[in-house]
Asks: 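Sharing a structure with you now.
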Amino acid sequence: MTLFQQTLDRLRSLTCLDLQSQWLCCSDELPINQGVDPNIWSSWSPVEINTKGHVAWEKGQVLWFGQRFTVPAQLQGYPLEGLCLRWSLMWWAEVAQVFVNGECVQEGDLFDCATRILLSPEVVPGMEFNLAVRLVSPGHDPGAMVRSLALFEGQTAVDPGFIADELESLFLSGTDDPEFLEGLMGAISRLDWSKVGDRPEFNRQLEALGDRLFSLNLPPSPQIFLLGHAHLDLAWLWPVSETWEAAKRTFTSVLQLQAEFPELTFGHSTPALYAWLEHHQPHLFNTIKNRVREGRWEIIAGLWVEPEFNLVSGESIIRQVLYGQRYIREQFGVLNRVAWLPDSFGFCWQLPQILKSGKMDYFVTQKLRWNDTNEFPYEVFFWQGLDGTQILSLMSAPIGEGIDRVKLTRYAMESKERTGKAQVLGLPGVGDHGGGPSRDMLEVARRSQESRLFPRLQFTTAHTYLDHLAQEKDYPIWADELYLEFHRGCYTSHADQKFYNRCCERLLYQAELWSSCASLLTGYDYPQVRLEQAWKSVLFNQFHDILPGSSIPEVFQEANQEWQQVIEITEEIIQQALGAIASQISLPEPPTLGAQPLLIFNPLNWFRSEVVSMTLPEGILSAKILDTDGQEWVSQIENNLIYFLTPNIPSVGYQLVWFVPNTEPVLSVDYPKEFTLKNESLEVTLDPATGDILELCDRPNHRSVLRGLGNQLQAFVDQGQYWDAWNIDPDYQKFPLPPTQLESMDWESYGELVKTIKVVRTIGQSKITQYYTLLGNDNQLRITTGVNWQERHTLLKVSFPVQLQADYMTYEIPCGAIRRSTHFKTEQDQAKWEVPALNWADLTDEVQNYGVSVLTDYKSGYDPHPDQLRLSLLRGSTWPDPEADLGEHEFKYALYPHGGSWEAAGTVQRGYELNCPLQVYSCPLLNRDQPGSEKTRISYLAFSSSAWILTALKKSEDNPYHWIVRGYESQGKTERIDVKNNLGLDYGNRVNLLEEEDGNTPLEIQPWEILTLKLRQEQT
């Protein structure tokens, strides 16, 4: 051990006493009054210290700790009388209760996991303190008493522990300066340790040591800026109602501390939280507004909440920005320029474009510090989005930290080594369950200011700090997604949240779309308030511990009520809007007696020819479908349903058809003996022994698609990761479970338009029912799945091995697509062994010019392979929700073989079609007499580019005569965009995502560009 380290250790030993080994413990669940009673501690067991210095015990159990601490007269000869005594604790526990002399003085949890408790401002030797701690270990991980120290501190900056911190900070600052380090060693070598017992004399030596050090040529000291912070998850191990109380406590505490410590600046995100305060705690809200005006409270909140970014649509992210920024501007008079996202589980590649178009200049996170494989290489960098947009980005200091002088210096010097800059931003404050800076943290900061040797601490704001960084432009560029190498199970966990999210996004799109059309055509009252409320409910549930499925059961019970309410509201709005449109249509004469009108609505911006279905009315046994010219469409009656093929339903429009009922029964169907589905595009043969796909032939391309059994359901043990709901076991493939067992295989439908085989299988205690379907001349094999899932710590995947070799898989991301390697050539590639996608993923062999896509409704996790498409379906985590995913599930996916690239094959459009089917609307209110009404077939909105995907048609937020059209270029090419509409809208200009005009003419759209247009309605 070096002289320097010996000096540090010796100095700290004079004022720091390790209490770990003195604990007695009890694993009984005792009443509080018994657990804090020192008279029973003698019957408890001595603790065992592990190699890490921790006291550890099994997960999900209570452990009581107790000890009677008597203040000694001295430590290593150094007198203690008159010094301040603090008790420093750190734990790893889900619940922590800390008691001094029988009184509870602190409560905490997994992340409020460290404290410094003042026991006495001036000790007298012989003083006694009865110390007790009740800890409950997490349900997913062993618990630990990590640290327990008695700290004696002087009333000034001169005490041995403080001097040790100064010395270590100086050493860290001067590691590249041999001359200074030599002077440092010389200075400490002059300490006379024989004077330790004479505290005044030894302290004078410490003062003289400081003088000698200050006279040296000190190395440049880093600048350490501070911003008080309190990360507050809107829901996690507590319900939302508790979040509001945590926010109230946290914000009240911060305001009180600011009155006592005027230097404290504090920053907090989440407009949704401020909106709750506005309505439920108006006095507190107004006090915060005053602090904002003073510049001491910073709103760092560009998005409505801190959401999940990999599983939501691009339009959802845009609405996070739109509603977040508008609220902050309305209530606080400014736009936030920082996207403050410390805890979301990875960031999609289109985020830079969205943030910049939402008038944010900076992106901040710290989450990639959690990577389990690779350290993220940059701290300050330009993140370049898919379309080329760049945003200055900061990998911030970790959140939930205190003010540790040495730790801050080490962080500053490590940051300087990476960035070349000697300025860092620390974020002191308890977080996750709120809390914020503590009085002790602020006292430590003030005391540190008394030092001539320690780096200066200065409170600031995030905007000020980032503006300073922005003065320089020479930063590295990261042109890729920000993939979190962790929490990969969140793409699959709690499937109900994924289902509801995708359903609500789809319904909100259609509710706005058809309400806009109805309003423009008929004067229908556009339900702007109801739509915004529904959007905000969805945005809230997209929070990064709700949608990913990583919360307690109570959170999901409440979230599901919100999801279902959105579904009810949007379905009602859609029906009202379609009814308003239908009421304006003047019917031609029916082609035959008894014919009833139907409208087929297409919410997507391209013409579609698909098979649709409707349930036959009661008493009707058969029917046929006629177009307005009296031509019969191909149809099929089976299982009380009528299926019919719709040719070329217009873009964002409808077509009128006639439903002609019949009471004569349809002849029964003779099902084939073989289990083969066949049309002009595909031939699919099932394995009679397993229910898997034995062979799949692409008939036009004369290809056998599979190289083994397809749609093979594969289960693996998924256990051992301490973040259970979040993480998939990296070694899961080493632990396969027995294959599925076939129970039955039967024909369900067999006709010209629909052929379906029903397969029932079991795996473990779970029953899986699948329907293989070919529709008309469709070139997709659709598989609808129902599961009664009863497995725990099990990962269920579905595999399609294909006769291809591809270096990359392509996946849909919000408003775009991304290629990821299948060969794991780099360490970053190797970490991407489970990755997210939205509606589809594709594997295309560029040499063979052939590929296969998988389309899904709400399943999002894939593991990349050069010759296999494999999709994650279900998991069975037990923490923090012991019954996550148990019960009934229904989902669908489709296999889509194609010649050429995924772009040429229209995979993007096929994915949207799977998720947004044509809608059959019965028209009882059609007007036969009104002249000049709507046509029987019309496209309301069409675009010149086939690669452009419409994501929104809505009323402007600010002008009732302006309408917003938004979409994105989906294939990575430059396109001219011409807008055609039959809604009476005049051509407008581009606007940003806040709907502010930028004056540019929207003639051309760049690769992957998200384009928002403002169209004008003629005023009457």
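Just so it is clear, the structure is predicted and the values come from calculations on it, not from any experiment.
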Asks: Do the ring planes of Y896 and H898 sit parallel (below 30°), tilted (30 to 60°) or perpendicular (above 60°)?
Replies: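 If you compare the ring of Y896 with that of H898, the planes turn out tilted.
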
Asks: Rounded to the nearest 0.5 Å, how far apart are CD1 of I391 and CZ of R337?
Replies: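 It comes to 11.0 Å.
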
Asks: Tell me every residue that passes ring pair (Phe, Tyr, Trp, His ring centres under 6.0 Å) with Y274, counting only those two or more places apart in sequence or in another chain.
Replies: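 By the ring pair (Phe, Tyr, Trp, His ring centres under 6.0 Å) rule, Y274 matches F332.
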
Asks: When the ring planes of F601 and Y921 are compared, do they come out parallel, tilted or perpendicular, using 30° and 60° as the limits?
Replies: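 Perpendicular, since the angle between the ring planes exceeds 60°.
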
Asks: Could I get the full list of side chain to side chain contact (heavy atoms under 4.5 Å, CB included) partners for S944, not counting sequence neighbours?
Replies: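 Residues passing side chain to side chain contact (heavy atoms under 4.5 Å, CB included) with S944: D978.
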
Asks: Going by atom types alone, do N541 and E562 pair a side-chain donor with an acceptor below 3.5 Å?
Replies: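 No, no side-chain donor-acceptor contact under 3.5 Å.
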
Asks: Describe, in one word, how the ring planes of Y912 and W606 are oriented to each other, choosing from parallel (under 30°), tilted (30 to 60°) and perpendicular (over 60°).
Replies: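 Judged by the thresholds at 30° and 60°, the geometry between Y912 and W606 is perpendicular.
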
Asks: Specify whether Y526 and W963 have parallel, tilted or perpendicular ring planes, treating 30° as the upper limit for parallel and 60° as the lower limit for perpendicular.
Replies: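 Plane angle over 60°, so perpendicular.
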
Asks: Between E1004 and K973, is there a salt bridge with N-O shorter than 4.0 Å?
Replies: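 Looking at K973 and E1004, the cut-off is not met.
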
Asks: Taking the six-membered ring where the residue is Trp, are the ring centres of W383 and F363 under 6.0 Å apart?
Replies: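 Yes, the ring centres sit under 6.0 Å apart.
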
Asks: Would you sort out whether E315 and K954 count as a salt bridge (charged side-chain N to carboxylate O under 4.0 Å, His left out), showing the intermediate values?
Replies: CA-CA 12 Å; E315 189 62 29; K954 60 181 285 289; over 6 Å; no

Asks: Output yes when D958 and R326 qualify as a salt bridge under the 4.0 Å nitrogen-oxygen rule, no when they do not.
Replies: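 Result for this pair is yes, salt bridge flagged.
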
Asks: Using 30° and 60° as the class boundaries, would you call the ring planes of Y858 and F891 parallel, tilted or perpendicular?
Replies: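 If you compare the ring of Y858 with that of F891, the planes turn out perpendicular.
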
Asks: Can you measure from CG (L1015) to CG (D986) and round to the nearest 0.5 angstrom?
Replies: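 These two atoms lie 8.5 Å from each other.
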
Asks: For the residue pair Y509 and W514, is the inter-centroid distance of their aromatic rings smaller than 6.0 Å?
Replies: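 When the ring centroids of Y509 and W514 are compared, they turn out to be at least 6.0 Å apart.
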
Asks: State whether E512 and R319 are salt-bridged, where the test is any N-O pair (Lys NZ or Arg NE/NH1/NH2 against Asp/Glu carboxylate O) under 4.0 Å.
Replies: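 The answer is yes: the pair qualifies as a salt bridge.
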
Asks: Out of the candidates R966, K356, R990, only one should pair with E1009 under the salt bridge (charged side-chain N to carboxylate O under 4.0 Å, His left out) rule; please name it.
Replies: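 Only match with E1009 under salt bridge (charged side-chain N to carboxylate O under 4.0 Å, His left out): R990.
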
Asks: Kindly compute the distance separating CG (L507) from CG (L513), expressed to the nearest 0.5 Å.
Replies: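 It comes to 12.5 Å.
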
Asks: Yes or no on side-chain hydrogen bond (donor to acceptor under 3.5 Å, both in side chains) for Q353 and T389, after CA distance, side-chain angles and deciding distance?
Replies: CA-CA 5 Å; Q353 180 182 181; T389 299; 5.3 Å; no

Asks: What I want to find out is whether E995 reaches K1014 closely enough, with some N-O distance under 4.0 Å, to be called a salt bridge.
Replies: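 No salt bridge links E995 with K1014.
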
Asks: Checking D857 against N915 for the side-chain hydrogen bond (donor to acceptor under 3.5 Å, both in side chains) test, could you report, in this order, the C-alpha distance in whole Å, the side-chain angles of both residues, the deciding distance, and whether it holds?
Replies: CA-CA 6 Å; D857 57 356; N915 282 273; over 6 Å; no

Asks: For the CG atom of L604 and the CG atom of L950, what is their distance to the nearest 0.5 Å?
Replies: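 These two atoms lie 8.5 Å from each other.
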
Asks: Please test Q497 against Q542 for side-chain hydrogen bond (donor to acceptor under 3.5 Å, both in side chains), starting from the C-alpha separation and ending with a verdict.
Replies: CA-CA 9 Å; Q497 301 308 296; Q542 290 173 344; over 6 Å; no

Asks: With a 6.0 Å cut-off on the ring centroids, do W535 and W304 count as close?
Replies: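 Ring centres of W304 and W535 not closer than 6.0 Å.
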
Asks: OG of S515 to NZ of K955: how many Å apart, nearest 0.5 Å?
Replies: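 Spacing of OG (S515) from NZ (K955) equals 10.0 Å.
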
Asks: Check the pair E571 / Q575 against side-chain hydrogen bond (donor to acceptor under 3.5 Å, both in side chains), numbers first and verdict last.
Replies: CA-CA 6 Å; E571 286 183 339; Q575 290 302 308; over 6 Å; no

